[in-house]
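Scroll down for the structure; my scribbles are underneath it.
Computed from a predicted model, the values in this text were never measured in an experiment. The sequence lines fix the lettering, A, B, ..., with proteins before strands; numbering per chain opens at 1.
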Amino acid sequence: MPEFTLEEVIERVARGESLERADLRELDLAKANLDNANLRRADLEGANLEEATLRRANLASVSLRDAFLVRANLEGANLRGADLESANLEGANLRGADLSRANLEGANLEGADLTGARLPSAQLIDAKLGVATLENAVFTNADLRNAYLGGANLTAVDFQNAILESANFEEALLTGANLRDAVLRRAALPGADLSGAKLERAVLEGADLSQVSLLEADCRHATFHGARLKGAKFSRTHLYGSDFSIEVADGAEVDEVDFSVAGDGSQLIPASALAAFLNGKTDGGTASPQAAAVAVAPIPTNRRYFGHGDVLRDASLEFDADSIVEVDGRFLKCNITLGQGAQLIIGREGLLDGCQVHGSGILVIHGRFTSEAAPGIDGARRIIVGATGCLRATVKQPAGHTHFAFEPGCVLRLKTETA
Amino acid sequence: MAEKLTIVEEGSELTGTLKSTCGVTVSGKVSGELHAPALVVATTGAVHGTVKVEKLHSQGELSGRIDADTIELSGRINDQTTITARSLEVKSSSGEQPTALFGNCVIEVGVDPNEPALPTAPPAKEGKGKKGQPTPEPTGE
């Protein structure tokens, strides 16, 4: 038996009294006005809340397991840590609701409006979100394994670090979505629109990407192995560091694609040169796209390569804006000036010892950079240290700061100084 | 269901020592010492002082002496901060803003603690010796 009747609940809410920890199991609260109610930790398991209004209600840690919330209005409600397992929220209004760490396993959210809702670390395994509106919603670190999101509006949704294994996104709108580090293994995305989506380091192994649009999507370091790409559209897609290859691209419609380190479109490879580019990538036993870019980029006007065994000592070197310099040899006590946007890539075998680097360039370190000069690096716009990289130096940042990126596994003994 | 967490909510400030056997999430402000197996600093969060955790994921503001096994960083790292870790990850930024803003900091990741430190100040060069502040040393509490 529930602790209160429908009338008592409505009366208490109208008087602004708390229903915290109240036992309201199986209670029929259909169409009830519970706006701003404090139902924190209440037990509403199996309750009927069809078309009830719970705007800005405090439902933190509430139990709504198997509750019926069809077309309920939960706009701005606090549902942090709520248990909504197998709840029916079809057509519900959850705009701006906070569902952080909520359990929505097996819940039905079809046609629900979750615009701007927050669901970080929420559990949505087997949840149904077909044709739901999820624009700007936050699902960081959420678990959506086997969830159905077909036809959903996922524009600018934040799925960073989310687990989306075997989820279904058929015909979903994912333009501008953040899928960085998301796991989409065996996910189904046929016909989905991923234009402008951020897929850096996303795992797309075995995913069905047929007919997807990846126009200007950022797929740097993404893995496509075993993915189905028939009819997938790659146009100005950023692919640096990904495992994109001729075999992987089989059946895809590829226009020009970008292999620049920074994903800024500075290494666009036209479709006509792609096969040569990708074949070049595997020549010489290197799987490094930036190495391939150096080796077979179509307009190699500003590239330099210093191979294994090359040694430069006490040299002064200046590299033009936008040039690409790859070092697999050794530079000792050299003074290096990088023009705007010039890339200095230290390969795995490369070593820069006792050098000083100046200028607004980009450093990519897979090998070693060691300098006791202060600063050893002055004014670099971007410094990326890969998993095999080692950086021991003082870095003086330009106004606006250096963009640092460090991969796990790198070794750093670093001092950063501001301008 | 969700694991147990100690949460310092937005709008809350804690000064002193916080020791926890469960994970800590900071959306507010902590000043002092913090010891926990895991620490998450949200975008609205700030932790100033001495931090010793196994796992740190920060999107907020950090300063002081940060010691962790693995760190994932974004947000702001203020001046006078020392970060020591076995593994550090800062993701590549795609926009105009850096993923993480580093002030005058010392970062030691995966290095032998017995290895000699980097020089603490710029080498004396004529005409430049008095221009800037010497590189700040990491400070204890």
Margin query: Which one wins on heavy-atom pair count under 4.5 Å against chain A: B:R86, B:E72, B:E89?
Written below: B:E89

Next item on the list: Pick one of side chain, backbone, both or neither for A:N178, based on which atoms fall under 4.5 Å of a heavy atom in chain B.
Entry: neither

Checklist line | Segment of A:T402 engaging chain B (4.5 angstrom heavy-atom cut-off) | finding: backbone

Next item on the list: State the CD1-CG distance between A:I365 and A:L344, to the nearest 0.5 angstrom.
Entry: 8.0 Å

Check: Which atoms of A:R80 come close to chain B, meaning under 4.5 Å heavy atom to heavy atom: side chain ones, backbone ones, both, or neither?
Finding: side chain

Item checked: B:R76: salt bridge (charged side-chain N to carboxylate O under 4.0 Å, His left out) partners, not counting sequence neighbours -> none

Notebook entry, point to check: Side chains of A:F404 and B:I107: closer than 4.5 Å at any heavy-atom pair?
Noted result: no

Next item on the list: Answer with yes or no whether the side chains of A:N103 and A:Q123 bring together a donor and an acceptor at under 3.5 Å.
Entry: no

Next item on the list: Keeping the roles fixed (side chain from B:N78, backbone from B:Q80), state whether a donor-acceptor pair exists under 3.5 Å.
Entry: no

Next item on the list: Against chain B, label A:D181 side chain, backbone, both or neither, depending on which of its atoms sit under 4.5 Å from a heavy atom there.
Entry: side chain

Notebook entry, point to check: Just wondering, do A:H358 and A:N335 contact through their side chains at under 4.5 Å, heavy atoms?
Noted result: yes

Checklist line | N/O donor-acceptor pair under 3.5 Å between A:T237 side chain and A:L214 backbone | finding: yes

Check: If we only count heavy atoms from C-beta on, is the B:L56 to B:V41 side-chain gap below 4.5 Å?
Finding: yes

Notebook entry, point to check: Which residues in residues 7-18 of chain B have a heavy atom less than 4.5 Å from any heavy atom of chain A?
Noted result: B:I7, B:E9

